There are 2 protein chains.
Amino acid sequence: MSLDERKKRILQAIVDSYIASAEPVGSRFLARRYDLGVSPATIRNEMADLEEMGYLEQPHTSSGRIPSDKGYRFYVDFLLDIHLLADQEIRRINQWYQSRVREIDLQIQRTAKIISQVTQYTSVVMGPSLSEQKLNYLQLLPVGAGSAVVVLVDEAGIVEHRTVDIPSGISEEELSGLTKIMNERLKGRTLEEVKTSLMRELNAELTGYMDRYQLVQDIIEQLVLAMDETIWENQEEKVYLGGTTNILNQPEFRNIEKARQILSLLEEERALHQALSELAPEGITIRIGKENSLAEMSNCSMITARYEIEGKTVGSIGVLGPTRMDYSHVVSVLNVIAKNLNRSLSSKRDKE
Amino acid sequence: MSLDERKKRILQAIVDSYIASAEPVGSRFLARRYDLGVSPATIRNEMADLEEMGYLEQPHTSSGRIPSDKGYRFYVDFLLDIHLLADQEIRRINQWYQSRVREIDLQIQRTAKIISQVTQYTSVVMGPSLSEQKLNYLQLLPVGAGSAVVVLVDEAGIVEHRTVDIPSGISEEELSGLTKIMNERLKGRTLEEVKTSLMRELNAELTGYMDRYQLVQDIIEQLVLAMDETIWENQEEKVYLGGTTNILNQPEFRNIEKARQILSLLEEERALHQALSELAPEGITIRIGKENSLAEMSNCSMITARYEIEGKTVGSIGVLGPTRMDYSHVVSVLNVIAKNLNRSLSSKRDKE
DNA sequence: CCTTAGCACTCTCTTTGCACGAGTGCTAAC
DNA sequence: GTTAGCACTCGTGCAAAGAGAGTGCTAAGG
């Protein structure tokens with residue numbers, strides 16, 4: 001894994017150049033354009049070495065070299081210099097987050113849009129997982145006969161609702177009584193806890209207080225179901241995309257077949273979600289080419305960062321592009337945006 | 001506009017053939033394949049006439065003919081025979097709608113998916129416009145200090161919520177009192193009415209009942225804002241897509257540039273929404289090529305149908321494809337799906 | 001007068017050959 | 001260890017040639 005200084009410089013030059021131009025890089029070009037202090041012939045020798053070691057590839061016998069996945073990996077791990085974003089760019093991003101957005105999914109969706117606009121790649125953002133969020137408030141509102149709306153509010157101010165069936169024999173007073181008891185007992189627990197153990201515990205207890213055993217049990221069962229759906233829908237399903245067509249600007253996707261393959265993948269929320277979930281718990285994760293678990297993404301790299309609510313990691317934001325991606329820029333952008341998003345998602349609570 | 005019988009048959013044959021194969025249609029092919037009873041030479045003469053009249057076009061001097069927009073229009077208006085869907089297909093669609101889905105936007109989203117799967121084109125579905133829906137129930141729930149959640153339920157059982165700021169000086173009792181009064185007054189009015197005139201009317205009245213003039217006014221103002229957003233977000237923004245990549249299977253979009261153009265358009269929710277709104281108030285609408293108001297869609301046709309809640313038209317479902325689209329099949333599919341969707345959206349209410 | 005066969009013509013698409021340019025690997029000299 | 005030189009390979013662009021499909025027109029036939 002150890003390359004001498006010159007090999008590193010050459011590899012770096014090749015990757016930089018290829019990222020910028022998408023053209024295989026030749027020795028003469030390198031010698032001219034980068035100040036390596038050696039002749040093309042020497043560079044050729046070094047390139048032959050690098051190829052043998054697996055860092056470079058040659059599309060055909062007499063063309064320049066392009067980085068292999070391994071080459072990109074080395075570049076990302078050891079050669080990447082993250083230059084700060086231009087002030088202008090940072091300001092632009094901050095500005096986007098000036099205006100306060102109430103609804104969390106709108107905020108997430110906007111984030112996807114911003115990422116894709118700033119990076120000119122496709123962005124992939126996972127909606128927040130709510131299962132670890134703590135319940136602040138729960139309300140059962142009767143709606144017509146046999147239906148009620150459950151409204152859940154968590155400590156971060158995220159609101160969700162869901163319609164459930166309730167036994168028609170229960171009165172409005174009973175319902176609000178039930179709501180009251182549940183609130184006293186469940187506030188401050190995570191939604192996951194609420195859903196599983198607590199609901200059962202409460203179930204047992206409530207049947208003591210109230211005379212209509214069966215009805216209450218029915219309601220609770222419905223509630224558990226609804227919460228399950230709510231949590232699940234957010235955690236397991238929602239993936240927001242931005243700039244999906246940006247991918248078509250990349251020369252590696254000029255080929256319709258390749259384009260279709262990757263665009264189809266983007267329609268598969270479930271697969272995407274999985275790809276996004278397999279990440280390191282914090283910091284920036286970079287997956288290059290075949291490092292991605294999905295075969296369709298073997299020409300792509302994905303860079304992701306995490307975001308938090310209440311200091312707890314709840315989801316990730318990411319960028320999908322060709323392996324020939326501007327890693328440095330994207331990493332910086334994701335850092336800045338994650339910071340903004342964190343702030344904006346917590347400001348909801350700071351207000352209180 | 002009047003073509004003799006033979007010209008009609010020839011035009012129909014050409015459109016059918018071109019829809020099926022995407023290849024320009026020549027006279028020999030027509031004579032052989034369709035039972036027109038005349039020789040290729042005669043067909044050539046007729047085709048020359050049809051071209052002169054504007055129903056056909058010739059990609060280049062010595063190729064077969066393809067239908068012009070006008071040709072498709074004639075075909076759609078006078079020659080289209082809508083054959084019923086295969087039982088199997090109908091059953092398949094009905095099956096999709098067997099399982100009951102509570103949340104309306106999920107149902108709409110699923111509909112988009114179904115349409116695209118059945119037709120193999122891209123589907124475009126407009127979320128329901130809520131402004132004409134009648135309010136069934138409204139609730140203000142205090143959440144933390146300074147915030148409250150407004151929950152709106154309409155007669156069709158559609159639930160929406162929104163977080164609003166409220167003056168911190170107001171008590172929970174006052175809030176529930178306010179809720180009660182509002183419910184009495186506003187139930188049964190359309191959301192649009194609630195939003196505009198009634199809110200003001202109520203505003204005036206309430207200031208009599210309650211002693212804190214300013215506070216109440218603040219709340220109402222917030223509510224109006226929230227409702228505005230709610231209505232607007234549904235009516236003006238939400239467009240659900242299905243099978244966007246299906247468009248890439250069409251030979252006319254092999255060209256990356258064209259593909260990108262149309263896919264970019266699909267990302268522009270606002271433009272799309274507008275395109276969908278300009279439709280006849282009921283029945284099926286077909287827009288062919290340049291009949292579409294958006295220049296990007298001049299190679300495309302769009303077929304749309306309306307759907308209803310409570311017998312009131314609230315949105316539309318549609319298919320976007322090349323002008324060379326299987327009009328007959330799509331029209332049938334949309335009819336069946338609209339019917340299913342209507343039923344499923346009203347069943348929410350039938351239950352009561 | 002309408003229909004049809006025949007034919008010359010047009011245009012696209014594919015193939016072929018060829019020259020060019022970019023880039024390499026290798027060898028020999030520095 | 002570095003470099004210049006050279007032969008070699010491969011992709012690309014271009015022009016010419018040929019095949020194929022389809023037309024429009026003309027003249028003959030019903």
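Chain letters run A, B, ... following the sequence lines, proteins first, then strands; residues in each count from 1. Treat the numbers as computed from the prediction; the structure is a model and nothing was measured.
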Colleague: Ignoring hydrogens and angles, are the base of C:dG23 and the side chain of A:R28 linked by a donor-acceptor pair under 3.5 Å?
Modeller: no
Colleague: When you check the side-chain N and O atoms of B:E89 and B:H329, is any donor under 3.5 Å from an acceptor?
Modeller: yes
Colleague: Counting heavy atoms from C-beta on, name the nucleotide in D:dT3, D:dT2, C:dT4 closest to the side chain of A:N45.
Modeller: D:dT3
Colleague: Can you tell me how the ring of B:F29 sits relative to the ring of B:Y34, calling it parallel under 30°, perpendicular over 60° and tilted otherwise?
Modeller: perpendicular
Colleague: Checking contacts here: which listed nucleotide (C:dG25, C:dT3, D:dG24) is nearest the side-chain heavy atoms of B:R6?
Modeller: C:dT3
Colleague: Atom CD of B:E46 to atom P of D:dC25: distance rounded to whole Å?
Modeller: 15 Å
Colleague: State which of D:dT9, C:dC7, D:dA21 makes the closest approach to the side chain of A:S62.
Modeller: D:dT9
Colleague: Measure CD1/A:I43 against P/C:dG23 and give the value in whole Å, please.
Modeller: 12 Å
Colleague: Name the closest nucleotide to the A:T61 side chain, picking from D:dT23, C:dC26, D:dT9.
Modeller: D:dT9
Colleague: Could you tell me if B:K258 sits above the aromatic ring of B:F253, with its cationic atom closer than 6.0 Å to the ring centre and no more than 45 degrees from the axis?
Modeller: no
Colleague: Measuring from the side chain of B:R65 (C-beta onward, heavy atoms only), which nucleotide among D:dA4, C:dT24, D:dT23 has the closest atom?
Modeller: D:dT23
Colleague: Just how far, in rounded Å, is C1' of D:dC10 from CD of A:E57?
Modeller: 18 Å
Colleague: When you compare the side chains of A:T245 and B:E267, does any donor N or O come within less than 3.5 Å of an acceptor on the partner?
Modeller: yes
Colleague: For the pair A:Y72 and A:Y327, name the ring-plane relationship: parallel under 30°, tilted 30 to 60°, perpendicular over 60°.
Modeller: tilted
Colleague: Among C:dT4, D:dT2, D:dC10, find the nucleotide with the atom closest to the side chain of A:H60.
Modeller: D:dC10
Colleague: Can you tell me how far P of C:dC2 sits from CG of B:D4, to the nearest Å?
Modeller: 11 Å
Colleague: Can you tell me how far P of C:dT24 sits from CD of A:Q58, to the nearest Å?
Modeller: 7 Å
Colleague: Which part of the nucleic acid, if any, lies within contact of A:T42, taking any heavy atom under 4.0 Å across all strands shown: a base, the sugar-phosphate backbone alone, or nothing?
Modeller: base
Colleague: Let me know the distance between CD1 of A:I66 and P of D:dC10, rounded to the nearest Å.
Modeller: 17 Å
Colleague: For the side chain of B:V38, counting heavy atoms from C-beta on, which of C:dC7, C:dT4, D:dT3 is nearest?
Modeller: C:dT4
Colleague: Would you mind reading off the distance between B:L50 atom CG and D:dG24 atom P, rounded to a whole angstrom?
Modeller: 12 Å
Colleague: Would you mind telling me which of D:dT3, D:dT23, C:dT12 lies closest to the side-chain atoms of B:S27?
Modeller: D:dT23
Colleague: Choose from D:dA4, D:dG11, C:dT4 the nucleotide whose nearest atom is closest to any side-chain atom of A:A41.
Modeller: D:dA4
Colleague: Would you mind telling me which residue lines up with the more 5' stretch of DNA chain C, B:P59 or B:R44, judged by nearest nucleotide?
Modeller: B:R44
Colleague: Give the rounded distance in Å between these two atoms: CD of A:E23 and P of D:dG11.
Modeller: 15 Å
